[in-house]
Enquirer: 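Quick one: this structure, given as structure tokens, is what I'll be asking you about.
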Amino acid sequence: MTNDLGDLHPDTLAVTAGRPANEPDQPLNPPVVLASTYIAGGDVEYGRYGNPTWTAFEDALGGLEGGRCLAFASGVAATAAAFDLVPPGGRIVVPRHSYQGTLAQLRHLEERGAVTVVPVDIADTEEVRTALDGAAMVWIENPTNPALEVADVDAIAEAARGNGVLVVADNTFATPILRRPLDQGADIVVHSATKAISGHSDVVMGAVVTRDDDLHRQLLTRRSLQGAIPSPLDAYLALRGLRTLPLRLERGQQNAQELVRRLGGHPAIRDLRYPGFGTILSIVLADADTADAFVAAVRLCRHATSLGGVETTLERRRRWSGEAPTIPEGLVRVSVGVENIEDLDRDLLGALEAAGGGAGGTDARS
Ligand SMILES: *Cc1c(COP(=O)(O)O)cnc(C)c1O
């Protein structure tokens with residue numbers, strides 16, 4: 001299902017990868033293969049081991065990241081497979097503001113004595129370097145979710161290599177269109193394909209990508225043994241979404257940058273966090289009440305968790321009990337979609353006013 005067109009640009013690859021052969025009567029799109037079993041004697045044999053629709057998705061995402069991809073049932077299933085590479089009792093260095101589901105998984109593993117977790121400020125490269133001593137794995141999110149701290153991936157990967165530490169990068173926020181962690185020295189890339197990769201808020205799926213054949217084999221073994229596999233239809237939808245990832249990201253990033261410019265300096269906003277790239281920004285308001293009023297007041301945008309869809313969504317992250325206590329109560333994460341910027345601007349500004357966010361307005365509440 002690969003092309004023979006040589007090196008293609010990412011936006012072209014997104015459109016062309018994972019298609020059936022260019023021959024008469026082949027469909028343009030890969031079929032959704034609904035089969036639990038296959039005629040014996042081939043490579044696949046059984047529906048838990050492989051599926052041609054997964055393969056089409058894997059060819060496309062692997063091509064974009066520059067490695068071999070394996071599709072998983074969800075982002076957390078991909079994360080679990082990566083953590084499972086750590087030997088019993090091994091140390092995992094992790095951003096203290098990592099995705100809360102990642103931190104929850106690590107807490108669970110640590111409580112059972114399976115691993116030791118070493119939380120760090122991932123933006124503080126010296127702190128990370130020191131923590132790498134004796135570690136088995138370092139986890140990177142660039143940027144972190146939702147604090148949006150930026151890691152020096154090249155420096156961390158170089159230090160990790162010197163210490164024999166496995167480097168895993170959760171590339172869900174940047175996507176291979178903005179960052180390619182394998183090029184920066186990461187051993188494994190993990191994705192929640194639920195987000196920007198599929199891009200339409202209609203799929204829960206994950207993926208891992210690596211260049212290392214041995215790691216690929218180990219991760220494939222875990223997927224086959226543990227059965228954290230996606231449905232063929234989800235793989236099809238994720239691939240269809242992936243076709244327009246470069247376009248959606250370009251527009252969403254443009255919108256996000258323009259919103260940062262327009263909302264910056266608004267009296268209700270205590271802090272506006274944006275890493276300089278991508279479609280996610282975090283608006284810090286005075287307190288939980290103001291933030292709750294803000295997300296309740298939007299009319300075009302939707303108050304919902306998750307991110308990376310064509311539509312703009314937002315939520316106050318501390319409404320989740322698992323979110324790190326160092327994340328401000330008033331932090332609202334905004335996933336910027338591809339709507340017209342004027343409509344987004346009007347909706348968000350109107351909601352800020354409605355939240356009582358004028359200068360001094362928030363002080364009157366307390
Ligand atoms: C959502 C998310 C995950 C988990 O992915 P699911 O598909 O929800 O299982 C992991 N990492 C990041 C950065 C995420 O945003």
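When a ligand or atom number is given, it counts from 1 through the structure's own listing order.
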Enquirer: Do any nitrogen or oxygen atoms of Val204 lie less than 3.5 angstrom from nitrogen or oxygen atoms of ligand 1?
Expert: no

Enquirer: Just to confirm my output: which protein heavy-atom neighbour is closest to atom 14 (C) of ligand 1, and how far is it?
Expert: Lys195 NZ, 2.9 Å

Enquirer: Which residue supplies the protein heavy atom nearest to atom 11 (N) of ligand 1, what is that atom called, and how far is it?
Expert: Asp170 OD2, 2.6 Å

Enquirer: Please determine which of Arg317, Arg318, Arg319, Arg270 meets the salt bridge (Lys or Arg N to Asp or Glu O under 4.0 Å) test together with Glu329.
Expert: Arg318

Enquirer: Could you tell me whether a side-chain N or O of Thr175 sits under 3.5 Å from a main-chain N or O of Asn171, the two making a donor and an acceptor?
Expert: no

Enquirer: Quick test: of every protein heavy atom, which one is nearest to atom 10 (C) of ligand 1, and how far off is it to 0.1 Å?
Expert: Tyr99 CD2, 3.4 Å

Enquirer: As an exercise, state the distance from CG of Leu300 to CD of Glu311, rounded to the nearest 0.5 Å.
Expert: 10.5 Å

Enquirer: Given that the side chain starts at C-beta and the backbone is N, CA, C, O, which of these parts of Asn145 lies under 4.0 Å from ligand 1, counting heavy atoms, or is it both or neither?
Expert: side chain

Enquirer: Should you measure from each heavy atom of Phe173, which atoms of ligand 1 turn up under 4.0 Å away?
Expert: 15 (O)

Enquirer: Between Arg248 and Glu250, does any NZ, NE, NH1 or NH2 come within less than 4.0 Å of an OD or OE carboxylate oxygen?
Expert: no

Enquirer: For Glu258, is there an ion pair with Arg261 - N to carboxylate O distance below 4.0 angstrom?
Expert: yes

Enquirer: Is it the case that ligand 1 has an N or O less than 3.5 angstrom from some N or O of Thr194?
Expert: yes

Enquirer: Does an N or O from Ser192, backbone or side chain, lie closer than 3.5 Å to an N or O of ligand 1?
Expert: yes

Enquirer: If the threshold is 4.0 Å, N to carboxylate O, is there a salt bridge linking Arg68 and Asp213?
Expert: yes

